[in-house]
*Asks:* 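One structure, as structure tokens, below. Some questions next.
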Amino acid sequence: MTTERLRDLDAQAFDQLIDNFIERETKAMGELDASLFYAALEEIYAANPASTTVDVEAHVVGKELQLHLPMSTPAAITVHDNVIHINNLRFVIHLVSEGEVTA
């Protein structure tokens, strides 16, 4: 067995290594039915029909907006001052006085 590092392998050798791994690890599984594969893939990417409501409390402190989440909020959602993070999305909320509103 060689002890080459992955970063030292050329693309062809890396591809062969991955192919060998997949073949070795899935040997006992047999063939995967294509319709089963596509059904599973569709389920993975299907939109989640159940929506979740998160109540956000907003407090104006001086000229700043402070947002607060309930303790039962899903871990993927965080807030700090006027910023809401949901997974890889970042929402920055700005207070705008009535005369400055642009639509």
Side-chain angles (χ1 to χ4, degrees):
M1 176 180 227
T2 62
T3 57
E4 290 181 85
R5 294 180 181 204
L6 290 177
R7 68 177 176 211
D8 297 333
L9 297 175
D10 63 17
Q12 185 177 5
F14 179 78
D15 288 345
Q16 186 62 50
L17 180 72
I18 296 300
D19 287 344
N20 291 345
F21 172 79
I22 292 170
E23 187 174 317
R24 181 178 66 247
E25 294 299 314
T26 60
K27 188 182 246 182
M29 291 181 185
E31 292 292 321
L32 176 62
D33 180 56
S35 61
L36 176 63
F37 170 77
Y38 287 111
L41 190 60
E42 186 176 310
E43 188 174 320
I44 290 168
Y45 287 104
N48 184 353
S51 64
T52 301
T53 300
V54 177
D55 292 318
V56 179
E57 288 186 10
H59 301 272
V60 177
V61 179
K63 293 185 176 185
E64 294 182 4
L65 180 67
Q66 293 182 354
L67 303 172
H68 302 279
L69 294 172
M71 295 300 290
S72 62
T73 302
I77 303 171
T78 60
V79 298
H80 181 68
D81 293 332
N82 66 325
V83 179
I84 301 172
H85 288 270
I86 303 173
N87 294 323
N88 64 341
L89 298 174
R90 182 174 179 252
F91 299 89
V92 179
I93 313 299
H94 299 279
L95 282 178
V96 179
S97 60
E98 197 172 318
E100 300 176 39
V101 175
T102 58

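Basis for what follows: all heavy atoms, side chains included, without hydrogens, waters or symmetry-related copies. The chain is numbered in sequence order, starting from 1.
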*Asks:* Test of understanding: clusters of I, L, V, M, F, W, Y form through side-chain heavy atoms closer than 4.5 Å, transitively. Do Val56 and Phe91 belong to the same one?
*Replies:*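 In one cluster with Val56: Phe91, yes.
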*Asks:* What residue pairs, at least two apart or across chains, pass side chain to side chain donor-acceptor pair (under 3.5 Å) with a residue in residues 9-20?
*Replies:*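 Qualifying pairs, neighbours excluded: Gln16-Asn20.
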*Asks:* Taking all non-hydrogen atoms of both residues into account, name the closest pair between Leu95 and Glu64 and its distance.
*Replies:*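 Where Leu95 meets Glu64 most closely, the heavy atoms are CD1-C, 3.9 Å.
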*Asks:* Check Asp55 against Pro70 and note the closest heavy-atom contact, atom names and distance.
*Replies:*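 Where Asp55 meets Pro70 most closely, the heavy atoms are O-CD, 3.0 Å.
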*Asks:* So if you build clusters from Ile, Leu, Val, Met, Phe, Trp, Tyr with side-chain heavy-atom gaps below 4.5 Å, do Leu69 and Val60 land together?
*Replies:*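 Leu69 and Val60: one cluster.
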*Asks:* Identify, with sequence neighbours excluded, every residue that meets ring-ring contact (aromatic ring centres under 6.0 Å, His included) alongside His68.
*Replies:*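 Residues passing ring-ring contact (aromatic ring centres under 6.0 Å, His included) with His68: His59.
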*Asks:* Compile the donor-acceptor pairs under 3.5 Å between side chains in residues 75-82 and protein atoms, sequence neighbours left out, one pair per line.
*Replies:*
{"from": "Asn82", "atom 1": "ND2", "to": "Ile93", "atom 2": "O", "distance (Å)": "2.7"}

*Asks:* Quick check: is Val54 connected to Leu89 through a chain of hydrophobic side chains (ILVMFWY, heavy atoms under 4.5 Å apart)?
*Replies:*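 Yes; tracing contacts between hydrophobic side chains, which count when under 4.5 Å, links both residues.
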*Asks:* Can you hop from Phe14 to Phe21 via hydrophobic side chains spaced under 4.5 Å?
*Replies:*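 Same hydrophobic cluster.
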*Asks:* Are Val92 and Ile84 connected in a single hydrophobic cluster, I mean Ile/Leu/Val/Met/Phe/Trp/Tyr linked by side-chain heavy atoms less than 4.5 Å apart?
*Replies:*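 No: no chain of side-chain contacts under 4.5 Å links Ile84 to Val92.
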